[in-house]
Number of protein chains: 2
Amino acid sequence: MSDLTAVDVAVSPEAKFREYLMTQGMRLTTERETIVREVFASHEHFDADQLVSRLNQRTDGKRVSRSTVYRALAQLKDSGLLRAVARPNDREVYEHDYGYPQHDHLICKECGDLIEFVDDSLNEMLSRVAAQNGFRISAHRLEVYGKCANCCRPKRRQRKTDMI
Amino acid sequence: MSDLTAVDVAVSPEAKFREYLMTQGMRLTTERETIVREVFASHEHFDADQLVSRLNQRTDGKRVSRSTVYRALAQLKDSGLLRAVARPNDREVYEHDYGYPQHDHLICKECGDLIEFVDDSLNEMLSRVAAQNGFRISAHRLEVYGKCANCCRPKRRQRKTDMI
DNA sequence: ATACTTGCAAACGGTTTGCAATTTA
DNA sequence: TAAATTGCAAACCGTTTGCAAGTAT
């Protein structure tokens, strides 16, 4: 999906989350720990509903209610562990922010795939524009819509071996 | 607010809209005409609710229901007359697409102001990234969040030098 | 004890839609 | 007169929230 590689992090997501919660007078409960672990178990993009499903499929009985998931997502975002990247179908989509390099996305309108990319010139451009407008940037979201290489490929000769 | 200037257009928005509606087997009703006119009476960004308000304030009795406004917004978007640019407060924000040059936005998180800007290097960058990924771009949305010059300005007196 | 947290169900809010009445070609 | 359109109110749907019961310090 992407060749972006995680950068080395000194502290685990759980620890980082506990740290943040402490500063807010909150606690790292077992529910919150279950959520952080599940969230950082894979690098895929996800929305609230997908996360709830993953948590409900657990066999260890560590289910967490939908409300708690929503509350935790907000906290994970505030703590800098997650960031919201897009809203393709009116659902907020999240990805890892902590321990993962900053990047943007090509979004295929056909298959919905998110392709990550980085390009330094974007940051140069943003700095320049910010300076020109006396604007202090805190974040940005660049969504590039179109058709991915796979979907551009002519379908005439589709591999029928994919069918089972 | 912005020094982007409208480009010359051969056909009026109403005509363009009628043209599009025809191709869909639809009609340019008085309600739809009222809406297009109101929408293109000013270049400001707006959301559905603001448009409804503007239409309700009319003294000529040309009121249009909320549903019709929502339906027309979708049609105006499909026809290429409008485009959705941001979603600051969970409300879709629209702007003129037809007869207005392509640009992006700085979005002030404090006052909600949208500042338009253009920078050619963005397009160069997008072309490069698209080529690298075999991606065919159809559109993009760049939202830059932060604090505008106005909101950065201190409300109270701020000392420029550290006087001890 | 006090403060934080959870799960449930109800509320929220922007947007969409079913439908009967109305308008248009 | 058949097809499109409107306005109303209800539905929709992801998300948020009030609250009572539970848990940690």
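Please read these numbers as outputs of a predicted model, since none were measured by experiment. These numbers come from the heavy atoms of this one structure, side chains and all, not from hydrogens, waters or symmetry mates.
For the pair Glu92(B) CD and dG14(D) C1', the computed distance is 15 Å after rounding to whole Å. The interatomic distance linking Leu21(A) (CG) with dA24(D) (P) rounds to 15 Å, in whole Å. Asp47(A) has its CG atom 10 Å from the C1' atom of dG14(D), to the nearest Å. The distance between atom CG of Leu73(A) and atom P of dG14(D), rounded to the nearest whole Å, is 15 Å.
Taking only side-chain nitrogens and oxygens, Thr29(B) never comes nearer than 4.0 Å to OP1 or OP2 of dT5(D).
Mapping Asp90(A) and Ser67(A) onto DNA chain C via the closest heavy atom, the residue that lands nearer the 5' end is Ser67(A). Checking Ser65(B) against Arg27(A), the closest nucleotide of DNA chain D that is more toward the 5' end is the one next to Ser65(B). Nearer the 5' end of DNA chain D, as judged by each residue's closest nucleotide, is the contact made by Thr30(B), out of Ala48(A) and Thr30(B).
Both Tyr20(B) and Phe40(B) are assigned to one and the same hydrophobic cluster, defined by single-linkage of ILVMFWY side chains at heavy-atom distances under 4.5 Å.
Shown here are the side chain to side chain donor-acceptor pair (under 3.5 Å) partners of Glu33(A), two or more places apart in sequence or in another chain: Arg37(A). Scanning for salt bridge (Lys or Arg N to Asp or Glu O under 4.0 Å) contacts around Asp60(B) gives Arg58(B), with sequence neighbours left out.
Look at Glu92(B) and Arg141(B) and you find a salt bridge, because one of the NZ, NE, NH1 or NH2 atoms lies within 4.0 Å of a carboxylate O, short of that distance.
Between His105(A) and His45(A), the ring-plane angle classifies as perpendicular under the 30° and 60° cut-offs.
When DNA chain C is scanned in the 5' to 3' direction for atoms under 4.0 Å from non-hydrogen atoms of chain A, the outermost contacting nucleotides are dA3(C) to dA9(C).
Aromatic rings of Phe117(B) and His103(B) (six-membered ring for Trp) have centroids beyond the 6.0 Å cut-off, not under it.
Between the side chain of Arg71(B) and the base of dG7(D), a donor-acceptor pair under 3.5 Å is found.
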